[in-house]
Engineer: 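I'd like to ask some things about the structure below.
Note: hydrogens, waters and symmetry copies are ignored here, and every other heavy atom, side chains too, is used. A note on names: the letters A, B, ... follow the listed sequences, proteins ahead of strands, and every chain is numbered from 1.
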Amino acid sequence: MQFPLIPTYHRINYHLPQGVAGASAHTPMKPVADALQKRELRLMKNREAARECRRKKKEYVKCLENRVAVLENQNKTLIEELRTLKDIYRHKVE
DNA sequence: CCCGCCAAACGTCACTTTCA
DNA sequence: TGAAAGTGACGTTTGGCGGG
């Protein structure tokens, strides 16, 4: 994979809100600063959201794995029990 | 040491879902 | 219905480990 010189998400004007990225010398710079600040806030929130999302997913997967382990044990026990009962039955009919 | 490789964690974007 | 939160996908970074 090619390593981009400047990753897209580090480019200053990347995906600024509509009508802001191309601010010319004639337009005041404040809206640009506001938009940048807004973008930074959005990125920060999303960063944290992504972390939380991964944490929850990891926890969920761990729960599922625990459940699998429990069910596998139950299954083993039941198979063993069935074997025992079959043995008892066989001895009775003999 | 210094690589190359791998897995896990990360940041961002784009899209979806939720909720006031 | 629009803003905010949640999440899948993708590319990047990081840290550990074995082999030369």
Engineer: I need the CZ-C1' distance between R42(A) and dC13(B), as an integer number of Å.
Structural biologist: 9 Å
Engineer: K57(A) side chain N/O closer than 4.0 Å to the phosphate oxygens (OP1, OP2) of dG6(C)?
Structural biologist: no
Engineer: Distance check needed: dA9(B) C1' versus K58(A) NZ, whole Å only.
Structural biologist: 8 Å
Engineer: Might you work through the side-chain contact (heavy atoms from CB on, under 4.5 Å) test for L71(A) and Q74(A), ending with a clear yes or no?
Structural biologist: CA-CA 5 Å; L71(A) 290 175; Q74(A) 277 183 7; 3.8 Å; yes
Engineer: Can you tell me if Q37(A) has over 12 outside heavy atoms packed within less than 6.0 Å of its CD?
Structural biologist: no
Engineer: Are L43(A) and R39(A) packed together at the side-chain level, in the sense that at least one heavy-atom pair is separated by less than 4.5 angstrom?
Structural biologist: yes
Engineer: Roughly, in whole Å, what's the span from CG in N46(A) to C1' in dT16(B)?
Structural biologist: 13 Å
Engineer: Give the rounded distance in Å between these two atoms: CZ of R55(A) and C1' of dG6(C).
Structural biologist: 13 Å
Engineer: Does R54(A) make a side-chain donor-acceptor contact with the base of dG11(B), cut-off 3.5 Å?
Structural biologist: yes
Engineer: Rounded to the nearest angstrom, tell me the gap between atom OH in Y60(A) and atom P in dT7(C).
Structural biologist: 12 Å
Engineer: Within less than 4.0 Å of OP1 or OP2 of dC13(B), is there a side-chain N or O belonging to R39(A)?
Structural biologist: yes
Engineer: Atom NZ of K45(A) and atom C1' of dA3(C): how far apart are they, to the nearest Å?
Structural biologist: 10 Å
Engineer: OP1 or OP2 of dC10(B) versus the side-chain N and O atoms of R47(A): is any pair under 4.0 Å?
Structural biologist: no
Engineer: Provide, to the nearest angstrom, the distance between the CG atom belonging to L43(A) and the C1' atom belonging to dA14(B).
Structural biologist: 13 Å
Engineer: Is K56(A) paired with E59(A) through a side-chain N to carboxylate O contact shorter than 4.0 Å?
Structural biologist: no
Engineer: Rounded to whole angstroms, how far apart are CD on E52(A) and P on dG11(B)?
Structural biologist: 14 Å
